[in-house]
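The structure under discussion appears below in the form of structure tokens.
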Amino acid sequence: MISDSMALDVAKIKRDFPLLSRTVRHELPLVYLDSGATSQKPLAVIDAESNFYRNHNSAVHRGAHLIAEEATDIYEGARAKIAHFIGADDVDEVIFTKSATESLNLLAYSFGQSESSSAISLKLGDSIVVSELEHHANLIPWQELAKRTGASLRWFPSTEDGRLDLSGLEQIIDVSTKVVAITHQSNVTGAISPVSKILERARNVGAITVLDACQSVPHFPTDVKTLGVDFIAFSGHKMVGPTGIGLLWGRKELFERLSPFLFGGSMVTSVSMTEATYATAPRRFEAGVPNMAGAAGLSAAVDYLESIGMESIHNHELALTEYALTQLQAISGLTLIGPKNSVDRGAVFSFTLDGIHPHDVGQALDDRGIAVRTGHHCAWPLMKKFGITGTTRATFYLYNSLEDVDRLVEGIHHTQDFFGARGIS
Amino acid sequence: MISDSMALDVAKIKRDFPLLSRTVRHELPLVYLDSGATSQKPLAVIDAESNFYRNHNSAVHRGAHLIAEEATDIYEGARAKIAHFIGADDVDEVIFTKSATESLNLLAYSFGQSESSSAISLKLGDSIVVSELEHHANLIPWQELAKRTGASLRWFPSTEDGRLDLSGLEQIIDVSTKVVAITHQSNVTGAISPVSKILERARNVGAITVLDACQSVPHFPTDVKTLGVDFIAFSGHKMVGPTGIGLLWGRKELFERLSPFLFGGSMVTSVSMTEATYATAPRRFEAGVPNMAGAAGLSAAVDYLESIGMESIHNHELALTEYALTQLQAISGLTLIGPKNSVDRGAVFSFTLDGIHPHDVGQALDDRGIAVRTGHHCAWPLMKKFGITGTTRATFYLYNSLEDVDRLVEGIHHTQDFFGARGIS
Amino acid sequence: MINLESLYQELILDHYKNPLNKGLSKNPIASVHHVNPSCGDEVDLNLELDGEMKLGVTWDGIGCSISQASTSVLSDLVKGKSSSEALGIIEAFSEVMSSKGSISGDPELLGDAVAFAGVSKYPARIKCALLGWMALKDAMLQAKLID
Amino acid sequence: MINLESLYQELILDHYKNPLNKGLSKNPIASVHHVNPSCGDEVDLNLELDGEMKLGVTWDGIGCSISQASTSVLSDLVKGKSSSEALGIIEAFSEVMSSKGSISGDPELLGDAVAFAGVSKYPARIKCALLGWMALKDAMLQAKLID
Ligand SMILES: Cc1ncc(COP(=O)(O)O)c(C=O)c1O
Ligand SMILES: Cc1ncc(COP(=O)(O)O)c(C=O)c1O
């Protein structure tokens, strides 16, 4: 029996997440398969935010009073926790943003500044490399940077299986390449990118490397030192943390030579009416009063994930992936968009059903209490590549069970029956 | 008796704010006089965030399922509530950001884009007008915009009283002026700016107008239509709302001709590998999964403020201001930095004590349970104008009482005694 | 009671299977392309006007059953109507869509389009139902038939 | 027990009232300007070296009692020390400052500077106490006395 191999006690974990016990349409229990969009939050995270407001709310780094000291401790403690979680040597390498989207835009804007001391400065003839699997957040900022600077945009195509096609590696990343920004795991196909090969090539040509780690950090152990990357971006809300807080990790020596992005309070060393000089990271990139309650919640999220263990979460998702791959591929009329085996693959399942539009599939599943996402998943170019307008996507996380896979499969059969009986599909 | 004239039942209001019942050093009850930095949160706000996570957490605008619909309703409901609160005609004129700092940077970046269709595009010879009273968040983004575009930066000086000196109005705002960005109320001196005169002059020369409303929207009724301004920026955390959520309101016809700022998911109308086209406001400016719990909390914050009444809050602060002005100015050795009367003035009191450094004042007050802020308050140029490195600042809000003024005054006397006895001051 | 059957009425699925006026005409007075950016669904719509100033609509598109059926119903409904009649129909339909299930729509005016009343209870689907309708309104604007 | 008296020891206030080595010397081997950006406090520090490679420090500045007194104590403490001795003192003091009150500091090594041990319980003030010390370290780096 497959359930024997499950690494996690899902029933117990589910009880930690208040929302997962609610019912949805027709009083059905919820099967939440949309963690790729945003994850649910354990009580510990919800309580950490509320505890911050009840007991320690104050502007960090600003007051000379006790509560301001406490708030600062909590905020900087969260930074240290994140640094440890991703294996960073130095706490100052962790920047709080509002989202991975902001983190990636920060880089794209800062890379576009042409101070003589800059770590990087793009110009005509340079190239930026992305992939066809990118989420819009790791594509459009680079398109715009290319437009602003005259650099060209290149990309790795997707294979038929929704993996990165590295066959053109040496041509795509060449001496003109200044930035390589790649997804660590596709939010559409679940494919985990062969980052070591890409990063090696990028290092050889002296390009700066950026990983979109939105779908990796929440799901498997991620160590920035082992990866050997320059920057990674991810979001708190996808890793059982609060909304409105994102992360950017980067190598300290690069941050020192990167222009600030948002300008305002707490990021300066001096200010006159006509000019300002700027602090070093992390302050340099954290203008204004930050999302302090968000940091408190995120800190609790890391504690929660570590209490379960990232290795166990990964193994659990692997077992789910193996089971789901077998069960889904047994459904006739279902086409899986993404790798057909569990090698280097997360628990993300995008599929189409013959003759039934994804939106209609999603609606029919919703009617059975199954929450999935439909559409282009902010990866429109990939949809075009596959010649489709969208998919139905089910994404799994630590609180999902094999039974959730069964419910999904049942739901799909029911969807096919429903529309089939009406002559569709 | 002055307390007769108090518009609010402070004892009752204080009970709504859990943090205000905590004790600080030496088990003393807290006197929180740092709302200018960040306000405390009523239970209703804390509960609204936690209720969002417990029952409705899902990515907005994205899922085809019930919880995603509920989350979207809550998020868009918050937008409608804010629009109504500031008298905006159209919900789509309200943009959620992470902070006022982001809102102002968004404008400064977007104004720097030179699309032919832009609402505004700065160039050499143009000017941007700010004031000497600005918070760094409404100064440095404009310095940087000036640098990027070749425009010059001009400013209204401060009077001796810490008010805007408009004597040079016609020279400072002239036909070269493309942007006028002014604080609505100074976070250092409490002076409320004579915006109607400035806006009139700006309109006459065709400049775009921006108000930094961080210290006004939380404290008195603010109506964007009556003001006749183009954009206003403010932060949720200063108006009894959550951290990590800010606001930008702007006129719709201007938003339509403004380049997007952050690029990513949910802000596009089409995307290919090489280019993207963008949605209209508000989506245009809200890339990525937003701070949904923050919006839920902010909505509850507006409900809370409206249940008390912005007019009553204003009257209450006026009574506090009058009392505090009398009491503080009676202290010998105290110099008030800011208007000496309550005309067009908020409950913000910056002061210096002869011979005692603000940091030492703050520390001594903290020892008595009184939380104030010390330093330059992110208005460094204003400090330089007054020839000081910083002030001690006490800021009052709806939950502060006349007794809090008394405690502050007592604390100041005690501070003078403490250092005086040791030969300082 | 909200359920799948009330949303996907036979009539809707019939139009989805056998759409009317699908296939773009040759000489439109206005031609528009609309996309629902959240799902990628698309519609191309051509507007025609005959000698008596009566409308004709042809269209093409890819999308879910709701968007496709709704555009099909629309194209049939406005055929031979004047532009002010068509505008009245569009407005009545929009009102039904934003009613959260409280308005079922006048069958005299809306014909088969009343079958979409159930959609208004599913906020995420309202844009699907309106896709073709907003395209028509846009085309009429372009042709300066309305302002 | 944390209280105001334990933070503002007599010795600190004495140095604040009567700072030592305040007033910049003429021919320094290194000159630095440090600011505490959160409060605006400033210190200018000049480093001198005599024929026997012994240090001398003069300074000027504006700031709170903690930052001013701490710089005064420092300037007295390192006078006539070698750069490696000075570095040892700076490191020992930094350790006390980051100890949250758990290390009181060796009076042999730190002299009057042990009076600042109480500051380490007030995180917002640690930067005040370290302002001059970090300036000295920076000046020594500039003069290539350390690396
Ligand atoms: C007048 C003024 N403008 C701007 C800001 C910046 O606000 P935030 O830090 O919330 O972005 C503040 C508060 O710090 C302020 O008082
Ligand atoms: C791969 C990937 N990159 C980037 C993002 C953007 O993250 P956010 O919306 O939290 O900024 C997402 C999620 O939406 C994602 O899945």
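Below, chains carry the letters A, B, ... as their sequence lines are ordered, and counting in each starts from 1.
Residues satisfying the ring pair (Phe, Tyr, Trp, His ring centres under 6.0 Å) test with Y109(B), not counting sequence neighbours, are Y109(A), F261(A), F261(B). Remark: H237(B) engages no residue in a ring pair (Phe, Tyr, Trp, His ring centres under 6.0 Å) (not counting sequence neighbours).
More than 12 heavy atoms of other residues, nucleotides or ligands shown are found within 6.0 angstrom of NZ on K340(B). Atom CD of Q329(B) sits in a crowded spot, with more than 12 heavy atoms from other residues, nucleotides or ligands closer than 6.0 Å.
Contacts between residues 349-360 of chain B and chain D, counted as heavy-atom pairs separated by less than 4.5 Å, involve G355(B), H357(B), H359(B), D360(B). Within residues 370-379 of chain B, the residues approaching chain D closer than 4.5 Å by heavy atoms are, in numerical order, G375(B), H376(B).
Atom-to-atom distance recorded for Y122(D):OH and Q363(B):CD is 6.0 Å, nearest 0.5 angstrom. Remark: R25(B) CZ to L4(D) CG distance equals 9.5 Å, nearest 0.5 Å.
Ranked by heavy-atom pairs under 4.5 Å with chain B, the list C64(D), G40(D), G63(D) is led by C64(D).
Heavy-atom minimum distance, N3(D) versus D367(B): CA-OD1, 4.1 Å. Between Y16(D) and I424(B), the closest heavy-atom pair is CD2-CD1, 3.3 Å.
Contacts of S65(D) with chain B are made by both backbone and side-chain atoms, with heavy-atom separations under 4.5 Å. Within the 4.5 angstrom heavy-atom criterion, atoms from both the backbone and the side chain of L13(D) approach chain B. Within the 4.5 angstrom heavy-atom criterion, atoms from both the backbone and the side chain of E5(D) approach chain B.
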